[in-house]
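Read through the structure below, which is laid out as structure tokens, and then see the notes.
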Amino acid sequence: MIGPNSRIVSGIQPTGNLHLGNYLGAIRRWVKMQDEAQCLIFLADLHAVTVYNEPSELRRNINGMAAALIACGIDPDKAVLFNHARVPAHPELAWLLSCTARVGWLNRMTQFKEKSGKNREGASVGLYAYPVLQAADVLLYQATHVPVGEDQKQHVELMRDIALKFNTDYDVDLFTIPEPHIAESAARIMSLRDGRAKMSKSDTSDMSRINLSDEDDAIVQKIRKAKTDPEPLPESALALAGRPEALNLVAIYAALTDRTPNSVTQEYAGKGFGAFKPALAELLVQTLGPIRERLKQFEADPAALEAILAKGADQAAEMAAPTLEGAYRALGLPRGR
Ligand code: TRP
């Protein structure tokens, strides 16, 4: 269980075009957690460069994502917010841990297999070693829990194995063994044009997603045009099986109001989308409007964001230092001048 003595570490790769799916997925979960436990949240920009990223675009995405996290409610006075390229302890510990991690372990990582595809020989060494850096991200801070999606569970298991082997090989009690924390009811937000495809920044149709930067009239328009069916809403959300577009709109409404899909269908039972869509659009405008305005403020004042990230990096570096020192010491490596 997560409580005041828990320490939570989680990262997200900086990407552009943040949308409703990102907000109702990872971001909102962190916003809630920052009141329940000590949280460190970072932009995994060193992970982003495991594949080619256009440098000026990467830079923009790092700042844009940091601004979006704060606009969505991550409070830099509650959670430590930073980008890990500013904290050299991350790649330093990653090197030390890469000497503990076994090639056989990394060979089993399904994400590397997926991301490298048919061209494994042409993938970067960084992409292969990616989970070792992820282990360092977490182990540096003695994290007790790592909130991640199902897709990252294997990486958390790997960091546990690395921590355990290091502690055993060098006979130290250095690393806390972290637990994965998988959300039970993670809202999976789907495309507004196709209820079977995830809402995605790379969908060619902008009508398929609601961007955090969308103006109110665009939000209203996108919900009005969202694909649905002519049937009214049923009493029970279970009856939405086979109606993926209808289910998605109900799921969005439920996530925004912190209710269950069932309580939403009960309220709107018998009503069609002519009644439901305007209510959903209104709710979205109320939630996303203030986020969009805060995002604009950061765009107008890049120095404010820079100050927050610099402070976050200082805090993170200070928190990471004892563990990094401990790792060098355990290995018998002299440091300093
Ligand atoms: N690999 C994670 C993802 O793609 C991002 C990440 C990097 C991360 N370092 C982490 C997540 C440490 C949790 C903890 O989603």
Side-chain angles (χ1 to χ4, degrees), residues 2 4-14 30 33-34 37-50 62 65-66 69-70 74-101 126 129-148 152 155-156 158-167 169-170 172-181 306-337:
I2 286 178
N5 293 325
S6 309
R7 180 168 282 175
I8 286 168
V9 176
S10 201
I12 189 168
Q13 283 207 40
W30 293 340
M33 282 183 163
Q34 66 184 349
Q38 312 162 34
C39 289
L40 290 103
I41 293 178
F42 62 92
L43 302 163
D45 47 5
L46 292 174
H47 279 119
V49 294
T50 55
I62 294 166
M65 182 87 115
L69 292 178
I70 303 167
I74 301 286
D75 179 348
D77 290 326
K78 289 186 191 161
V80 180
L81 177 67
F82 62 105
N83 61 301
H84 69 177
R86 284 186 210 234
V87 185
H90 287 247
E92 268 188 88
L93 183 64
W95 175 259
L96 302 183
L97 296 181
S98 73
C99 303
T100 292
Y130 180 116
V132 180
L133 176 60
Q134 187 164 348
D137 294 341
V138 172
L139 300 181
L140 265 179
Y141 301 103
Q142 308 292 340
T144 57
H145 296 86
V146 192
V148 283
Q152 293 294 314
H155 288 168
V156 179
L158 180 85
M159 61 180 80
R160 289 167 60 88
D161 290 343
I162 294 175
L164 208 61
K165 180 166 166 58
F166 189 102
N167 284 351
D169 285 357
Y170 297 98
V172 286
D173 192 13
L174 180 63
F175 295 120
T176 303
I177 314 293
E179 300 279 340
H181 189 266
E306 174 63 26
I308 290 171
L309 290 177
K311 181 175 148 238
D314 284 346
Q315 287 176 307
E318 198 173 306
M319 292 168 82
T323 307
L324 185 64
E325 278 302 322
Y328 277 107
R329 205 177 316 115
L331 291 162
L333 294 169
R335 291 188 82 208
R337 274 171 260 271

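Just so it is clear, the structure is predicted and the values come from calculations on it, not from any experiment.
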Checklist entry - If only atom types and distance count, is the side chain of Gln34 paired as donor or acceptor with the main-chain N or O of Cys39 below 3.5 Å? => result no
Checklist entry - With distance as the sole test, does His47 use its side chain to make a donor-acceptor pair with the main-chain N or O of Tyr130 at under 3.5 Å? => result yes
Checklist entry - Just wondering, more than 12 heavy atoms not from Glu318 lying within 6.0 Å of its CD? => result no
Checklist entry - Taking all non-hydrogen atoms of both residues, which atom of Pro178 and which atom of Val156 are closest, and how far apart? => result O-CG1, 4.4 Å
Item to check | Side chain Ser10, main chain Pro147, donor-acceptor under 3.5 Å | outcome: yes
Item to check | Flag side-chain contact, heavy atom, 4.5 Å: Gln152 against Gln134 | outcome: yes
Next on the checklist: Could you check whether any side-chain N or O of Asp45 sits under 3.5 Å from a backbone N or O of Ala85, counting only pairs where one atom can act as donor and the other as acceptor?
Outcome noted: yes
Next on the checklist: Does anything in residues 76-99 form a salt bridge (Lys or Arg N to Asp or Glu O under 4.0 Å)? List the pairs, not counting sequence neighbours.
Outcome noted: Asp35-Lys78, Asp77-Lys311, Arg86-Glu306, Glu92-Arg335
Checklist entry - Within the distance-only criterion (no hydrogens, no angle test), does the side chain of Asn167 pair as donor or acceptor with the backbone N or O of Phe175 below 3.5 angstrom? => result yes
Next on the checklist: Using only atom types and a distance under 3.5 Å, with no angle test, would you say the side chain of Thr323 pairs donor to acceptor with the backbone of Leu140?
Outcome noted: yes
Checklist entry - Is the backbone of Gln142 close enough, under 3.5 Å, to the side chain of Arg7 for a donor and an acceptor to pair up by distance? => result no
Checklist entry - Which heavy-atom pair separates Leu81 from Ile70 by the least distance, and what is that distance? => result CD2-CG1, 3.5 Å
